[in-house]
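Below, each value reflects all heavy atoms present in this structure, side chains not excepted, and no hydrogens, waters or symmetry copies. Counting convention: from 1, in listed order, for ligands and their atoms alike. FYI, the numbering just counts along the sequence from 1.
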Amino acid sequence: MRVPEQYARAGRLAREMREWIQQNVKPPQPCLEIAEKVEAEIVRRGGQPAFPTGIGINGVTAHYSPQEGDLTTTSESDLVKIDYGVHFDGYVADTAVTMSENADHQLMIETTKRALEAAIAVAKRDPRTGEIGRAIEETARREGFKTINNLSGHTLEQYVVHAGKSIPNVYAPNQPVLRRDDVFAIEPFLTRGTAAGYVVDDPSGSRPTIYSLTMRKRTGAEELDRLVEAIWDRRKSLPFTPRWFSGQFGRERLLKLLAELERRRIVRGYPTLVEASGAPVAQFEHTMKLEGSSLVILT
Ligand code: MN
Ligand code: MN
């Protein structure tokens, strides 16, 4: 099976967006504005966001997308991760960059970028995901950094961002092996050598900002069904953020409806993940495909 053309298109647009981000994202800037502009620019260029734009400041590591009323602004001392994705017909290109104007963060950012390069070099010749993890871990350790050991890369399938196989950021035996035609993302996360080296659900107990539909099911309640259909129409099983539906339902009402759908397990929330000791975390990510014996970087 050849790469659906949509994967190549999604990858190309994600690559163009990286340039756009490098030119347009500069501190100080409200995080909400960054997320909205990234998503609007993807749409303006003919694509769709594959998931809500993740903005991770310092120790905020994954699954945070700013909501209305979030006044957080980036500053020159911050480390800022932008994790974004593009899809065409559910074929997803998932990618992430880290930036900072703070000299203290540069070595960690550079090392994370090199860890991704080392991981890609291994993936080209050895499809064992444990070996990819080893390359990431060793690159980090050589410079005195730690990897986040409970976050990993993943395979992708149509309308599924996290499909069956994980690609760890540490060496582990007996991990899955990548196969011909697998599309997958590798995403090293590095933190300080003195940090905990793993993420936990945001202990402030904030509500998730990212959700996805787990099933398209009738509830018997008119308003809930209307929300499920609105999500299905726009997202199928791809992740969404309340921000995208609050115009239609009103923010307060929407959050109540989502909580009810979550309780019924029709919708799943992804809690914000933060580094357990609060240390800053850097991330780079590419989506790629094994085509026969060659590895094609899509993003
Ligand atoms: Mn990502
Ligand atoms: Mn990913």
Side-chain angles (χ1 to χ4, degrees), residues 7 10-18 20-21 25 31 34-35 38-39 41-42 47-57 60-66 79-88 90-99 109 112-113 115-117 119-120 123 129 132-133 136 147-170 175-176 178 182-190 199 208-212 235 237-241 268 270-275 281-290 295 297-299:
Y7 267 130
R12 219 155 36 231
L13 181 39
R15 221 160 37 228
E16 290 166 18
M17 284 304 299
R18 189 174 307 119
W20 185 92
I21 286 168
V25 178
C31 293
I34 298 172
V38 166
E39 291 157 14
E41 189 63 19
I42 289 170
Q48 285 295 323
F51 46 82
T53 308
I55 312 280
I57 308 284
V60 176
T61 306
H63 298 166
Y64 180 72
S65 192
L79 171 155
V80 180
K81 296 173 285 302
I82 302 188
D83 190 334
Y84 65 99
V86 176
H87 86 92
F88 286 95
Y91 295 99
V92 169
D94 179 4
T95 188
V97 293
T98 300
M99 42 188 132
I109 291 175
T112 308
K113 201 184 272 181
L116 176 55
E117 287 161 8
I120 289 170
T129 58
I132 297 171
I136 294 169
T147 60
I148 298 295
N149 60 25
N150 59 343
L151 286 176
S152 56
H154 47 93
T155 48
L156 297 114
E157 286 167 14
Q158 191 183 18
Y159 289 109
V160 184
V161 181
H162 285 228
K165 297 177 199 169
S166 290
I167 300 159
N169 287 324
V170 288
Q175 293 297 302
L178 296 166
D182 273 350
V183 174
F184 57 95
I186 300 181
E187 48 184 315
F189 290 85
L190 267 61
V199 290
T209 61
I210 299 177
Y211 296 83
S212 67
R235 302 302 298 166
S237 50
L238 288 175
F240 64 91
T241 185
R268 145 167 202 211
Y270 300 85
T272 298
L273 300 175
V274 303
E275 206 284 327
V281 177
Q283 173 204 18
F284 282 91
E285 177 176 24
H286 274 308
T287 298
M288 55 208 89
K289 181 170 188 286
L290 267 179
L295 184 70
I297 316 283
L298 296 170
T299 49

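- Across Glu285, Arg15, His286, a single residue satisfies side-chain hydrogen bond (donor to acceptor under 3.5 Å, both in side chains) together with Thr299, and that is His286.
- Around the Mn ion (ligand 1), the protein contributes the following N, O or S atoms under 2.8 Å, ordered by chain and number: Asp83 OD1, Asp83 OD2, Asp94 OD1, Glu285 OE1.
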Problem set entry | CA sep, side-chain torsions, deciding dist, call: Ile136, Ile186, side chain to side chain contact (heavy atoms under 4.5 Å, CB included) | CA-CA 10 Å; Ile136 294 169; Ile186 300 181; 4.0 Å; yes
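- Note on Asp182 versus Lys289: no salt bridge recorded, every NZ/NE/NH1/NH2 to OD/OE distance being 4.0 Å or above.
- Inclusion of His162 in the first shell of the Mn ion (ligand 2) is not supported: no N, O or S atom falls under 2.8 Å.
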Problem set entry | His87 vs Leu238, side chain to side chain contact (heavy atoms under 4.5 Å, CB included): CA-CA, chis, key distance, verdict | CA-CA 10 Å; His87 86 92; Leu238 288 175; 3.5 Å; yes
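- Rounding to the nearest 0.5 angstrom, the gap separating the CD atom in Gln283 from the CD1 atom in Ile148 is 10.5 Å.
- Taking the six-membered ring where the residue is Trp, His154 and His162 present parallel rings, their angle staying beneath 30° rather than reaching 60°.
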